[in-house]
Structures are given as C-alpha cells and as structure tokens.
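Attaching a single structure in structure tokens format; questions to follow.
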Amino acid sequence: MNSFFISRFGRSICTKIYQAELSPDAKRIADGLISIFTNKPLGLENQELSHLGSKLTTEIAETVLAGIKNWRIAYKFFTWATSQSGYHHTCYTYNAMASILSRARRNAPLKELAFDVVNSRCSMTPGALGFLIRCLGSVKLVEEASALFDQVKMMGLCVPNNYTYSCLLETISKSDLINLAEMRMNEMVSNGWEADKFVLTPMLKVYCNAGKFDKAWAVFDQIHTRGWVDAHVLCILVLSLSKWGEVDKAFELIERMENYNVSLNEKTFYVLIHGFVSASRVDKALQLFEKMCKVGVLPDTGIYDVLIGGLCKTKEPEKALYLYSQMKSAGIVPDIGILTKLISCVPDEDEIIKLFEESGIILDGESTILLYNSILSALVNNGSIEKAYRVFRSMIGDKLDCETGIEKLFKVNGIIRPNPTSFNIIIDGLCKSGRLDEALDLFKDMDQIALRKDITLYNNLIDAMNNSDRFEDSLYLLGEMKNSGFQPTQFTYNSVYGYFCRREDVPEALNVVKEMRLHGHEPWIKHSTSLVKQLCKHGRAVEACKFLIDMVEEGFFLDIIPYSAAIDGLLKIKEVDRALELFQTICARGYRPDVIAYNILINGLCKAKRVSESQDVLNEMLSNGLVPSVVTYNSLIDGWCKDGDIDKALLCFSKMCGEEREPNVVTYTTLIDGLCNDGRPDDAATLWVEMERKGCTPNSIAFMAMINGLCKNGRPDAALVYLRDMDKKGLRADSFVYIALMGAFLSNTNPHAAFGILKEMVDKEMFPERVDRNHSLLKDAIFKLSEDPCTSSNVKRLLAAGSIQSNFPVVVVDEAFKPTT
DNA sequence: GTAGGGTTAG
C-alpha cells in the first residue's frame, strides 16, 4: 500500500469517511441506485432512475459511492448525480469520488474533479480540503494540489488550518520541490499556525528527496528536541541516506534508532537491504539482515537472493554458502536464480555438483540452459577454460570422452542447445586465455546454427584482437559487425583507439579520434594518457605535447592527468622551461593543477638543480589551498640533498614531521643517502634506527642506499652487517651493491673480504650486463683481486672452475685479466 | 556491462 494512505491518524483514507445513519427510505434509494448502476448495461433514461434522481441527497450519494467498487461505474454515477436538478455535490461527495479516483490512479478525471470543486464554489472544511489535497498527492499531482489550495483559499471557500497545511506539505514531500515546501511552511507560520510533527516530517522528507542532508538534519534536530522522533521519521531519513549511497550513515542511524526503542518495519528492512547491496555494501546489508531476523521478521526468497547475489559479486563464496544453508534450513526452496548465482562464484567443481544435486530443483528447458551457462562461467572464472570448452562442445554435439563430475551432470540432464549467452561465455573465456583462433572459429560456428551475435560479443572479440596486436582480424570483425547492422559503439572505437595509443602510432590514433568525433563518441582519456606516457618514456615528450594540442583541436577536452604526464616527460628530457611553459599555458586555460601536477613540477625543478625555484612552486601550491603530500616533501628533500645543502633538507624533514605528514621509506632513504654523501654515516645510521622505531620497514632500496653509503665512507664491515640483514629478510641486492662492497674492502686493504664478496656474486650468479656500467667496475675489481698476491690464486681457481664457467660470462673471465683502457 | 590514466629514494 502506498505510504500516503497511512494517514496521520494511522488509518487508511480508503475507509469510508462518511457513514451517516440513513433513514430506511434513503437506504432503499441508495440500494436501488447501486443495483441500477452496477447492473450492466446501463440505461440511464430508465424511468426508475429519474424517479430516484429526484430523491437524491448528498448523504445518499456518499453511500452509493461507498458501495460501488469499480471506479468507472462510480464516476458514471457521480457525473449522473451532478446533472440531477436541485442536487449539488458537497465537499464530502467530491472527496468520496476523489478517493476512489486516486485509489484507481485516474489522474485525468481527478484533475477535472479538482477543477469542478473550485468552479462549483463548493465550500470546504479545512479537513475536507486537506483530504482532497492528499488524494491529489497520492497520484503525485503536486503542482495541481498546490494550485487548488491557493484557489480555494483565495475564493474564500475554505480557511485552511495547520492540518490543511500539513496535508499540503505531505503532498509536496512526494517531490523534491524544496522552495515550494519552504514557501508553504513560512506561509503557514505567518498565518499563526505552529509547525507540528506533521508539518516537520514532510519538510524532512522533501529535503531528503532533494539530497539536502544538512537541512534535513536541522529539521530532524527540531523533531528530536520536541520528542517527536518515531519510526516513520527515522525511516524517512534512513531510506533516504541509503538511496543517496550514504550506507554508513544510514546504518549508524539504525543503531541509534535502537536506542530510541524504535524498530524498522518489514518493508523498510527489505528496501534497505536491497539498497545496501546495490551500493556494494553487502557487509552492512548482512548486519541489517541479522537485525531483521532478530526482531522476528522472516526473510523471503527475494532477500536471500539479493544477499547471496551480493556475496557472489564480492567473491565471498563461504558466506554465500552459509546463507544458502540457512535459507534451506528455514524451509525455503532455492530457485534457479539463487542456484546459478551461487554456482558462478563457488570455486570448487565438486561443490557445484553437490549444490545442484541437493537443491531439489526440477529442471525444465529454460532453467537447464541457465544452469549450464552458470556452470560454464564458473569453470571459465576458475581458469578451467579447457573443461568449459569441452563441456560446451558436448552441447553442440561432440561426444564426451569423460563421464565424471561436471561432464556427467551435463550428460544426465540432457542435451540442450547453447544459447548466445553460452557462446559469449566460452568465447570470452577463450579470448582471456589467449586462444583467439578457437574463439574466432566458435564465433563463425554461430552463423551455422543460426544464433544471433550481439554487439557485446563483437566488441569483446574486437577488443581481444586489438589487445593481441591482431589488427587485421579486428578490422575483419569490424567489417562483419557493420554488415550485420551493428554500428560500432564508443567501446569499439576506444578499443581501436587504445590499440594505436599502445603502439605509439600518433597519426592513426588521431584518425580514430577524428572518426569518433564524427560519430559523437568520446575518446577515453586513459588511452590518451597512456599514449602520452608511452611517448614520454621513449623521450618523445615533444611529440606528446603536439598530440595533446591536436586532441584539443579536434574538440576534446582533456583533464589534468595527460598534461601532467606530458609535463613530466618534458622534465625528464631536461626541457624544463618548456615544461614550465606548458604548465602555465594550461593554468591560463582554466585548469586547476592538483598536488600530483605540482609534485611533478617540483621534482623536475629539483632534478634540474633549480631547488629555490621549486620552493616558489611550493608556495604557489600552498596559496592555491593545496596540501603538500609526502611526495612533495620527498622531492624537496632530495633536491636539497643533491644540491649539497643537507641542512635545508633536514629542516624540510622536521617541517614535514611537524605538519603530520608521516615520512615514508623514500624520505628516510633520501636522507640516508644525503647524509652519507655528506660524510655523516653515523647520522645516517641513527636515522635508520629512528625509521625502524617508527614502524617504517626498510625495503631493498633503503638497504642498498645504506650499504652503498657506508662503503663510500670506507666502512664495508658495517655495510656487510646490513647486507646480511637483507639476506635474512629475503631482500635481494643488486650487483652494484656487491661491487661497492668489493671496492670498499679493496680500498681498506682487505682483499680476503673482497674475494668473499666476489665468491658470493658467483654463487648467486649475479653479473651485470655488458652495457651496464657495473660491468666494467666488476672487471676492474676482479683484475685487482687477481693482481693481489693474497687472492690471486683463489680468484684464478674460482674463475677456472667448470661449474662457474657456465654461469660466468666468458667475456668477463677473459677480460678480467686485462685492465680497462 | 564493457576499463581506469599522471609524482618521490640506491
């Protein structure tokens, strides 16, 4: 029942509103009229009827209207009554008719009736006007109700009281017309009426409908301070919060409701659980479900269906299965919908079979294909594409050589021809596992068994081809798609666009963009960004900038992200001023750079040793109300360190701690490197301790910075301790670190230790590539060790060992004994 | 329905 009908008196307006004691005579007339009007066909010129018409009173008319169930017949009687000489409708007969029409949701005659009320200058009590307005409201004739209210008031047919106003507001609360509601409320107050619960509640509702929660909360506070909070008020708020996706706030309020000893009704529970699940908050939906069960509301199949469906979507099969068993023990028989949802998320094949066998579902043709398809997609999702494919082939007539498990299930339940969905599942699965040719073959098979291919299937296949660089096939499919009467969608175009972006083919990418513009499609910015990024990665930042200009010329608005990527690209190729210029250009065009955009600029300036300029950029960022992130500080700290101004770096570090930006492992690594380069290894070691104390776990880069830093300061023994710690933590060091250690040991005249490191490198098979500058460093170290009498024989033995030869690039072995020129 | 992009350390 529409919530409208639950009136302020807690009863339905459908009930008869006038039940006067009729005289026996009048009663007879009413019965006569009812029987004439309900006995078809209606002959209105009937003698009897005109006789009864002369005796018609409004009391009789009300009784007749109450006795006719069909709105059409009632309306016919009502119209007939209007034309009886000497008879005039009262507000009560109008309302009786209005009530019937609103219940039957006949808006046109209802509007006409409201018009007649005014035209006939029928005077109304405040209550009657309120009733009529609510009839209009129940069929959402909000503006009409408001107009009626004004006309009746203006013509002096009624002096509305606060009940009338509350009815009007309740009607307005079916809309989101805040202004109208506020106007009526003020009007009422200025007429001397006080805003009671029945006025504030619709105000609350109208704010909720419009999503104006700040105002809604203000009204709620008023209701609360006056002690008027009830289930209805709370339901309005909770449902509205849920509708606007504020699941947590809605849930909080429900918990607060429990303190008021107010409980949700069954319908509200149902609506909320559905709402929470569709807001992807199955967690809260489940908690609500528990509350619902606790207060004794029995869940129906629909609730289990939505909850199990939600859990399957969030990939929580255990919880879904638990709920399913709960449902079954409550005596609810699962339907094919619930079963297929479960099957598609249960990872285990035996579990799937058990589920089906224990479900007690009797399959017909339609449910069999649903079941088969859900099993196919379960297999595909679990990575058993091969099995899915085999079972699928049995559906199109191939004989199965294995008759256990899933195969048996398919066999037992009979051959069912696959539908387009079955093909979609298998073709998608084949594409995802790179079996494109088989996917294409199946796709072609669909024509032979006259199955309709849908647009998604075309799109997915084309996308798969593009992603595997099979553009020829993609083009072929695109042609076939067009021939079959499908227009490529924005997805199709973007798939092709993405293909050219990935291949850094700027001219072709732009061609696609031009075509997209013709068809009114929007190129996805992620593709544009990845093209920019890709070009920048290969030092083609200038081309990337040109591409962005071309995109804008094509009329496509890009967001800050591709520009940030281009600016970063320019900075990486040391085109600092060009980067600054682009930054300024986009700012002038109205872009508001975010923290990341500023970070990119600050970092670029720091790397270009223009640290003081980066400080200016920081200030600009601050004046734009942006809060620097850890990355911002890290870049600045690194800038100062590399600029040889370790004190400014440390100042920056303490500033960042003061602003509650927690330093991360990058911050510490940067500073440790900086301190070591400044000849302060002890301070670096202290910082290391502080880092660990603060719960920041060092990663391999941090370790390597520390080890390298200590080596640079001639402390290979201390460095070795960190290397051993790395081993313990399962972190791997680059060959560079080993070479640094060897170098440091050699400088400390400890060739034995240096040899130990070399041996470790050989054992771990870590050799830098020839192009790597570490390659020559290693060669030098090996040469030195082979020159040193303490280690020379060991080195030669190590390098001569057959087992090592195979792991050790021969070039290095040979070249090791020649000094680098 | 479709998919999700830019920044920091040795």
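Note on naming: letters A, B, ... go to the chains in the order of the sequence lines (proteins, then strands), and numbering restarts at 1 for each one.
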Could you tell me the separation between the CE atom of A:M621 and the P atom of B:dT7, rounded to a whole number of Å?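 Rounding to the nearest Å, CE of A:M621 and P of B:dT7 are 15 Å apart.
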So which nucleotide from B:dT8, B:dG6, B:dT2 ends up closest to the side chain of A:S635?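 Among the listed nucleotides, the one closest to the side chain of A:S635 is B:dT8.
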A:D594 near the nucleic acid: base, sugar-phosphate alone, or nothing, with a heavy-atom cut-off under 4.0 Å?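 Base contact.
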Does A:K607 make a side-chain N or O approach to OP1 or OP2 of B:dT7 shorter than 4.0 Å?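 For B:dT7, OP1/OP2 do not have a side-chain N/O of A:K607 under 4.0 Å.
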Nearest to side-chain heavy atoms of A:F491, which nucleotide of B:dG5, B:dT2, B:dT8: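 The closest nucleotide is B:dT2.
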Quiz question: going by heavy-atom distance under 3.5 Å, is there a donor-acceptor pair between the base of B:dA9 and the side chain of A:N664?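 By the distance-only test, no, there is no pair.
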Closest nucleotide among B:dA9, B:dT7, B:dG10 to the A:D673 side chain: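 Among the listed nucleotides, the one closest to the side chain of A:D673 is B:dG10.
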Listed nucleotide nearest any side-chain atom of A:N603, set B:dT8, B:dT2, B:dG10: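 In terms of side-chain proximity for A:N603, the closest of B:dT8, B:dT2, B:dG10 is B:dT8.
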Would you mind classifying the nucleic acid contact of A:D559 as base, sugar-phosphate or nothing, using non-hydrogen atoms under 4.0 angstrom?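 It contacts base atoms.
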Counting side-chain heavy atoms from C-beta on, which of B:dG10, B:dG5, B:dA9 comes nearest to A:V666?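 Of the candidates, B:dA9 comes closest.
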Residue-phosphate contact under 4.0 Å: A:K642 side-chain N/O, B:dG10 OP1/OP2: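 Affirmative; the distance criterion is met.
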Out of the candidates A:D616, A:D577, A:D643, only one should pair with A:R610 under the salt bridge (Lys or Arg N to Asp or Glu O under 4.0 Å) rule; please name it.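 Of the listed options, the one satisfying the test is A:D577.
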Any base atoms under 4.0 Å from A:A702, or only sugar-phosphate, or nothing? Heavy atoms, all strands.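 Result for A:A702 = nothing.
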Could you tell me whether A:D568 and A:K533 make a salt bridge, using a distance below 4.0 angstrom between a side-chain N and a carboxylate O?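 The answer is no: the pair does not qualify as a salt bridge.
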Length of the line joining A:L461:CG and B:dT2:P, which is rounded to integer Å: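 That distance rounds to 18 Å.
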Does a donor on one side chain and an acceptor on the other come within less than 3.5 Å for A:N664 and A:T667?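 A:N664 vs A:T667: donor-acceptor pair found between side chains.
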Please give, in whole Å, the distance from B:dA9 C1' to A:E662 CD?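 It works out to 18 Å between those atoms.
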Of all the nucleotides listed (B:dT8, B:dT7, B:dG10), which has the minimum atom distance to the side chain of A:N634?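 Of B:dT8, B:dT7, B:dG10, B:dT8 is nearest to the side chain of A:N634.
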Ignoring hydrogens and angles, state whether a donor on the side chain of A:S474 or A:N466 is under 3.5 Å from an acceptor on the partner side chain.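 A donor-acceptor contact under 3.5 Å links the two side chains.
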Quick one: which of B:dA9, B:dG5, B:dT8 gets closest to the side chain of A:T669?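 From the listed options, B:dA9 comes nearest.
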Base, sugar-phosphate alone, or nothing: which one does A:I596 contact when heavy atoms must sit under 4.0 Å apart?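 Base, at least one base atom sits under 4.0 Å.
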Would you say A:K533 places a side-chain N or O within less than 4.0 Å of OP1 or OP2 belonging to B:dT7?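 Yes, within the criterion.
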Evaluate the ring planes of A:H521 and A:Y493, with Trp represented by its six-membered ring, and classify them as parallel (under 30°), tilted (30 to 60°) or perpendicular (over 60°).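 Ring orientation, 0 to 90° scale: tilted.
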Calculate the interatomic distance between A:I561 atom CD1 and B:dG6 atom P; express it in whole Å.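 Distance, rounded to whole Å: 8 Å.
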Short N-O contact, A:E508 and A:R503, less than 4.0 angstrom: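 Looking at A:E508 and A:R503, the cut-off is not met.
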Just how far, in rounded Å, is P of B:dT2 from CD1 of A:I462?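 These atoms are roughly 18 Å apart.
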Write down the distance between CG (A:N460) and C1' (B:dA3), rounded to a whole number of angstrom.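 Nearest whole value for this atom pair: 12 Å.
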Rounded off to whole Å, could you give me the OH-to-P distance for the A:Y722 and B:dG10 pair?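 Rounded to the whole Å, the gap is 18 Å.
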NA contact type, A:S530, heavy-atom cut-off 4.0 Å: base, sugar-phosphate, or nothing?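 Touches nothing.
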Does the ring of A:W524 meet both stacking tests against the six-membered base ring of B:dA3: centre distance under 5.5 Å and plane angle under 30°?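 It does: the ring sits over the base of B:dA3.
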Rounded to whole Å, how long is the line connecting atom NE2 of A:H527 with atom C1' of B:dA3?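 Rounded to the whole Å, the gap is 7 Å.
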